[in-house]
Amino acid sequence: QVQLVESGGGLVQAGGSLTLSCAASGRTFSSWTMGWFRQAPGKEREFVAAISWSGGSTYYADSVKGRFTISRDNAKNTVYLQMNSLKPEDTAVYYCARYIGGGSIYYTSTYRDWGQGTQVIVSS
């Protein structure tokens with residue numbers, strides 16, 4: 001059974017930074033493409049970033065490109081999301097999940113084993 005646990009959220013002022021972590025159980029973590037999504041109140045869950053199993057390929061939503069960086073440490077079974085230059089519109093619950101294939105990495109339907117999420121609040 002795969003479990004994903006996010007951490008690192010919090011309250012930060014606009015322009016600040018946070019680093020989120022997603023710790024995974026499972027012996028085959030190093031073979032998984034992983035993704036970060038977020039969901040703001042009243043909005044649908046949206047893609048933020050994804051990273052291939054080796055870390056060699058990364059993908060970002062246009063809204064975070066140049067500000068967020070996704071990375072992973074396969075020895076620690078952990079994927080990270082470094083968030084810089086945060087804006088109030090980045091306020092959301094952030095989730096990590098495992099990509100299972102069968103479609104675009106940008107769609108929630110191609111992921112499973114969602115974590116419980118970590119809240120990020122950016123004040124103006």
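Judged by distance alone, with hydrogens and angles left aside, the side-chain atoms of S52 form a donor-acceptor pair with the main-chain N or O of S57 at under 3.5 Å. Without hydrogens or angle criteria, T78 side chain to K76 main chain gives a donor-acceptor distance under 3.5 Å.
Pairs engaging residues 90-109 under the salt bridge (Lys or Arg N to Asp or Glu O under 4.0 Å) rule: R38-D90, R67-D90, R98-D113 [sequence neighbours left out]. Residues in residues 26-56 take part in no disulfide bond (SG atoms under 2.5 Å apart) pair, two or more places apart or across chains. Pairs passing the salt bridge (Lys or Arg N to Asp or Glu O under 4.0 Å) check and including a residue from residues 47-61, sequence neighbours excluded, do not occur. Applying the ring pair (Phe, Tyr, Trp, His ring centres under 6.0 Å) test to pairs two or more places apart or on separate chains, those with a residue in residues 66-104 are Y99-Y111. Note on residues 38-122: pairs passing disulfide bond (SG atoms under 2.5 Å apart), not counting sequence neighbours, are C22-C96. Residue pairs meeting the ring pair (Phe, Tyr, Trp, His ring centres under 6.0 Å) criterion with at least one partner in residues 43-67, sequence neighbours excluded, are F37-F47, F47-Y106.
Contacts of S17 classified as side-chain contact (heavy atoms from CB on, under 4.5 Å), with partners at least two apart in sequence or in another chain: Q82, N84. Among residues two or more places apart in sequence or in another chain, the side-chain contact (heavy atoms from CB on, under 4.5 Å) test is passed with T28 by S31, W32. Partners of K43 under the side chain to side chain donor-acceptor pair (under 3.5 Å) rule, at least two apart in sequence or in another chain, do not exist in this structure.
If you take OG on S30 and CZ on R72, they are separated by 7.5 Å, rounding to the nearest 0.5 Å.
Annotation for T110 and S104: closest pair OG1-O, 2.7 Å, computed over non-hydrogen atoms. The minimum heavy-atom distance linking L4 with A24 is given by the pair CD2-CB, 3.4 Å.
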Side-chain donor/acceptor pairs under 3.5 Å, residues 116-124, sequence neighbours excluded:
| unit_1 | atom_1 | unit_2 | atom_2 | d |
| --- | --- | --- | --- | --- |
| Q116 | NE2 | E6 | O | 3.1 |
| T118 | OG1 | G9 | N | 3.0 |
| Q119 | NE2 | A92 | O | 3.3 |

